[in-house]
Amino acid sequence: MALLPVLFGITLLVFLLNAVALGDPARAAMGQRADPEALARLRQEYKLDRPLAVQYAAWMGRLARGDLGTSFREQRPVAEVLAERAPATLRLALAATLIAVALGVGAGALAAARPGSALDHALMGVAVLGISTPVFWLGMMLALVFAVTLGWLPVSGYGDGALAHLVLPALTLGALHTGTVARMTRSSLLEVVRQDYVQAARAKGLSERVVLLKHALRNALIPVVTVIGIGLADLLVGAPLTETVFAWPGLGRLLVAAVGQRDLPVVMGAVLVFAVVYVVGNLLVDLAYLAIDPRTRRGAA
Amino acid sequence: MRRTLTLALLAAGLVAAGAAPGPAQAPRAGGTLRAVFGADPPTLDPAHATDTTSSAVIRQVFDGLLELDERLVPVPALARSVARSPDGRVYTFALRPGVRFHHGRELRADDVKYSFERAAKGKRPWVFEKIAGAHDFIRGGAAGIAGIRVVDDLTVELRLDRPFAPFLHLIAYDAASVVPREEAEKRGVGFASHPVGTGAFRFASWRRDDQVVLERFREHFRGPAPLERVVFRIIPAEITRFNEYRAGQLDLTDIPTGQCRAVQNDPRLKREAAVWPTLGTHGLRFNVERPPFTDPRVRRALAHALDPTLVVERLLEGCVHPARGILPPALPGYSPEVTRLAFDRERARRLLAEAGFPGGRGLGPLAFHFNTSDLNQRIAEVLQAQLKEVGVALELRRLDWAAHIKLVDDGSAGFFRQGWIADYPDPENFLTVLFHSRNIGAAGNTSRYRSAAVDRLLDEADQMATGPARFQRYHEAEQAIVDAAAWISLYHYASRALIKPYVRGLERSALSSAPEFLAPLRKVWLDR
């Protein structure tokens with residue numbers, strides 16, 4: 001299985017990056033005025049006085065036993081720290097993906113139905129905007145309009161999991177993704193409709209609607225699914241920004257704060273979670289091919 | 001029997017508190033105060049906090065023997081009274097009887113001893129190091145701090161090695177909060193996320209990066225606070241805090257960077273905007289052991305070439321004050337007599353030439369280090385432009401805090417940005433910490449400035465009784481440091497807050513700063 005070497009490589013990379021980065025978690029935890037003795041005690045407590053290779057080996061050894069170590073900053077098990085934030089990020093990423101798929105495929109299909117029309121141009125224009133607008137700015141604008149001015153939705157926060165709190169962050173995080181999915185759906189559909197089997201379906205006298213949705217769309221979705229898989233990376237990249245703008249208590253913000261504090265165990269743990277999500281997400285995409293395209297099933301057998 | 005003096009300042013504090021011009025209305029009980037932080041508190045344990053966010057919660061959940069009132073005078077809290085021996089070395093605290101912790105037990109004097117010893121091994125040991133025997137204990141040799149003596153259940157005595165004028169400020173600091181031994185020991189590191197104290201509010205819940213919730217503690221020794229609950233939302237983006245405030249979801253927040261004037265001119269917000277000076281100074285420092293800053297002429301040339309009013313007016317919209325010396329005007333002991341090296345480019349050029357760098361030639365580009373923030377970046381650019389006028393090229397080195405502080409501490413940064421905010425309101429906390437030769441390095445003196453004359457002035461002043469003679473020594477030391485250009489002050493910090501008009505009783509002391517108000521929330525009530 002390719003998963004393990006990838007994860008190993010990632011943890012090693014993160015560990016080495018941290019090693020070359022300036023800064024010391026014990027010092028970062030002390031505030032501006034650091035008592036030299038307290039600092040030395042903390043370094044010892046964090047086991048920073050050991051050689052790097054030993055530190056890494058110790059971390060890997062614990063990981064092999066399913067232990068992610070202890071956060072420097074919070075002095076609690078990393079697994080506990082991650083578990084608190086993971087559900088929030090998972091909900092956000094899932095909602096963003098759902099939005100991207102629903103809006104993206106819908107808009108792409110609409111645009112492809114009348115290529116070159118005003119609607120096509122308008123939809124694709126919005127899609128490009130979605131792709132090119134910085135997450136931070138988009139989030140601020142959405143909050144300004146829908147929360148501060150109109151008062152329809154909360155400005156920020158997790159709100160104990162209330163759905164209303166999820167809408168704006170999910171739209172913000174999903175925007176980039178929606179744009180790519182919409183563009184891919186459109187171009188893929190336009191390509192598919194020129195294929196012989198679609199012409200054949202038309203020749204059978206099926207309505208254009210049935211031809212598009214039943215025959216063309218299904219085949220057109222294969223590259224779209226690929227884009228969704230690749231887009232997972234965008235979601236993971238966008239998460240820290242979205243979570244910051246909307247004060248969403250997720251893994252992205254945790255990771256940024258942990259890097260700032262040089263809280264290496266938390267950084268390693270969070271990166272590991274992101275990596276697993278990415279790898280597993282793309283595994284699911286591969287499985288989705290099987291569901292959509294019968295040919296891949298035969299190929300696998 | 002030892003003769004003791006009840007401290008005049010404490011008495012004065014009590015009288016003034018009784019006669020304080022408060023609102024004529026009686027506080028209305030009930031409601032939830034919705035406050036906000038910019039970051040998740042790293043800990044809620046007074047022994048381990050080093051930041052204002054943590055302190056803002058700790059001050060509500062815990063009490064100390066003393067606390068500071070609005071004018072920054074130490075007044076009794078858990079202690080009913082305090083007496084100081086004539087030689088200024090022994091302080092005897094009489095505790096209030098019947099004070100209860102949140103879990104129900106009554107406070108005893110040995111809780112004080114336990115709490116101080118516990119915190120002395122935490123992240124702010126310097127708070128306790130003036131107590132006799134603290135050093136032996138912190139280093140691990142002694143079983144306890146010899147200078148802390150539990151006289152009886154309601155009396156505790158603290159003995160110092162030598163007099164230390166701001167000692168009561170240390171005791172009023174949140175690091176010296178009193179914790180119940182059995183809870184702290186039972187929970188271990190978990191105490192940091194489930195604190196138990198005697199404070200007016202008890203800990204209710206904490207969802208990390210989301211919110212901390214406190215509830216009124218009905219059995220507080222001062223009686224129940226008006227507020228029923230306090231919710232501290234954690235919102236990292238200042239624009240989001242501002243939006244939440246405008247949407248009516250926060251009762252107080254900070255004014256975002258660059259919005260100070262806009263808010264003060266906004267017809268709706270200007271009544272809610274509050275700007276007041278706090279105990280902090282934004283400065284630039286040299287490592288005086290690192291060439292070319294070993295030459296005082298080079299440092300002074302740079303100081304003469306910089307005009308802080310530009311930073312204050314253009315970047316900070318006049319919402320802060322340009323600095324003259326190091327001590328902020330809101331600090332007791334501040335002197336308007338201390339003067340900065342005047343903005344004078346001619347003088348700067350002359351000094352550079354004298355040092356062997358006419359027109360800046362031979363100096364090469366100087367690295368200027370600062371920690372990542374938009375404001376710091378813009379300030380650095382202004383400095384760069386101003387120094388260019390005298391022929392000095394500045395290379396900007398922007399690093400995140402952890403990396404910045406490392407270069408500053410280990411002396412590899414020669415010219416760098418550093419702010420200082422008082423832990424407690426006394427000149428010692430600025431001048432001795434930042435410039436005494438015994439504090440060289442991470443302990444505070446990152447200039448690595450060493451002056452026997454300044455050390456002597458500071459040592460004398462630190463031990464003297466509060467008064468003009470003591471402050472006079474600090475002023476002399478301060479002027480010497482400014483003249484040596486070991487530090488160049490730019491401006492003094494101010495708190496820039498938005499507070500809804502119905503929030504009453506929120507103290508705006510110089511130690512309290514938005515969005516992490518350190519003010520006692522037990523005095524706050526909602527008039528709506």
Side-chain angles (χ1 to χ4, degrees), chain A residues 21-39 41-42 70 72-76 80-81 84-85 88 136 139-140 143-144 147-149 151 153-160 240-241 243-254 256-257 259-263, chain B residues 36 39-40 42-43 48-51 121-126 129 135 138-140 188-190 192-193 207-211 233-237 239-250 372 399-407 409 418-421 423 433-434 439 441-444:
Chain A
L22 284 170
D24 156 7
R27 181 65 188 87
M30 297 295 282
Q32 189 143 332
R33 181 179 187 177
D35 183 272
E37 281 159 26
L39 200 56
R41 199 165 53 233
L42 210 56
T70 305
F72 291 155
R73 188 176 111 124
E74 297 189 19
Q75 287 296 302
R76 297 188 299 146
E80 194 180 309
V81 172
E84 275 169 6
R85 271 92 162 182
F136 203 84
M140 266 161 44
L144 200 61
V148 180
T149 310
L153 292 163
V155 177
S156 74
Y158 195 61
D160 286 328
L241 289 172
E243 289 174 2
T244 300
V245 179
F246 290 102
W248 193 259
L251 287 174
R253 250 168 93 195
L254 175 74
V256 172
V259 169
Q261 291 288 322
R262 303 292 186 272
D263 193 344
Chain B
V36 69
D40 206 41
T43 176
H48 296 292
T50 58
D51 63 300
K121 288 208 167 164
K123 293 206 180 82
R124 292 180 286 187
W126 49 267
E129 71 188 0
H135 217 71
I138 293 167
R139 284 210 167 138
V189 289
S193 43
R207 189 188 166 96
R208 309 265 170 165
D209 277 334
D210 187 36
Q211 59 180 24
R233 294 272 313 276
I234 294 142
I235 304 181
I239 189 71
T240 306
R241 296 197 290 275
F242 189 49
N243 284 340
E244 286 282 21
Y245 180 85
R246 286 195 295 172
Q249 296 303 309
L250 290 176
T372 309
L399 287 169
D400 79 341
W401 171 253
H404 174 77
I405 196 75
K406 170 150 182 58
L407 295 186
D409 279 356
Q418 197 170 48
W420 186 257
I421 297 171
D423 299 300
V433 173
L434 298 179
N439 290 327

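Proteins get letters first, then strands, A, B, ... in listed order; numbering begins at 1 in each. Predicted model only: the values in this text are computed from it and were never measured.
Each of A:Leu144, A:Asp35, A:Val155 has some count of heavy-atom pairs under 4.5 Å with chain B, and the biggest count is that of A:Val155. Your options are A:Ala29, A:Pro249, A:Ala21, and the one with the most heavy-atom pairs under 4.5 Å with chain B is A:Pro249. Chosen from A:Gly250, A:Ala28, A:Ala34, the residue pairing most often with chain B at heavy-atom distances under 4.5 Å is A:Ala34. Contact count against chain B (heavy-atom pairs under 4.5 Å) is highest for A:Ser156 among A:Ser156, A:Ala147, A:Ala247. Of all the listed residues (B:Leu407, B:Val433, B:Thr372, B:Leu399), the one sharing the greatest number of non-hydrogen pairs under 4.5 Å with chain A is B:Val433. For the options B:Gln211, B:Glu129, B:Gln249, B:Gln418, heavy-atom pairs under 4.5 Å to chain A are most numerous at B:Gln418.
Interface remark: B:Glu244 contributes backbone and side-chain atoms alike to the contact with chain A (heavy atom separation under 4.5 Å). For B:Thr43, no part sits under 4.5 Å from any heavy atom of chain A, backbone or side chain. Neither the backbone nor the side chain of B:Ala192 comes within less than 4.5 Å of any heavy atom in chain A. Neither the backbone nor the side chain of B:Leu434 comes within contact range of chain A; no heavy atoms are under 4.5 Å apart. If you measure heavy-atom distances from B:Pro42 to chain A, the contacts under 4.5 Å come from both the backbone and the side chain. Contact annotation for B:Arg124: neither backbone nor side-chain heavy atoms come within less than 4.5 Å of a heavy atom of chain A. There is no contact between B:Ile421 and chain A, counting heavy-atom distances below 4.5 Å.
Nearest heavy atoms, B:Lys406 versus A:Gly23: CD-N, 3.4 Å. Nearest heavy-atom pair, B:Ala237 versus A:Val245, reported as atom, atom and distance to 0.1 Å: CB-CA, 4.4 Å. Of all non-hydrogen atoms in A:Gly260 and B:Ala402, the two that sit nearest each other are O-CB, 3.6 Å. Contact detail for B:Asp423 and A:Arg33: the closest heavy-atom pair is OD2-NH1, 3.5 Å. In this structure, B:Arg207 and A:Ala88 approach most closely via the heavy-atom pair NH2-CB, 4.4 Å.
B:Asp400 has a carboxylate O that lies under 4.0 Å from a charged side-chain N of A:Arg262, or vice versa, which qualifies the two as a salt bridge.
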Applying side chain to side chain contact (heavy atoms under 4.5 Å, CB included), run through A:Leu42 and B:Lys123 and close with a yes or a no. CA-CA 9 Å; A:Leu42 210 56; B:Lys123 293 206 180 82; 3.7 Å; yes
Determine, step by step, whether B:Arg208 and A:Arg85 satisfy the side chain to side chain contact (heavy atoms under 4.5 Å, CB included) criterion, reporting the C-alpha distance in whole Å, the side-chain angles of both residues, the deciding distance to 0.1 Å, and the verdict. CA-CA 8 Å; B:Arg208 309 265 170 165; A:Arg85 271 92 162 182; 3.4 Å; yes
Side chain to side chain contact (heavy atoms under 4.5 Å, CB included) between A:Arg73 and B:Asp40: does it pass, once the steps are laid out? CA-CA 11 Å; A:Arg73 188 176 111 124; B:Asp40 206 41; 4.0 Å; yes
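Rounding to the nearest 0.5 Å places CD1 of B:Ile239 at 5.5 Å from CE of A:Met140. Here B:Ile235 contributes atom CD1 and A:Phe246 contributes atom CZ; the two are 12.0 Å apart, rounded to the nearest 0.5 Å. With rounding to the nearest 0.5 angstrom, the OG1 atom of A:Thr149 is 8.5 Å from the CG atom of B:Asn243. Here the CZ atom belonging to A:Arg27 is positioned 4.0 Å from the CD1 atom belonging to B:Ile405, to the nearest 0.5 angstrom. Taking NE2 from B:His48 and CD from A:Gln75, the interatomic distance works out to 8.0 Å, rounded to the nearest 0.5 Å.
Side-chain atoms of A:Met30 and B:Asp409, non-hydrogen and from C-beta on, never get closer than 4.5 Å to each other.
Judged purely by atom type and a 3.5 angstrom limit, A:Arg41 uses its side chain to pair as donor or acceptor with the backbone of B:Lys121.
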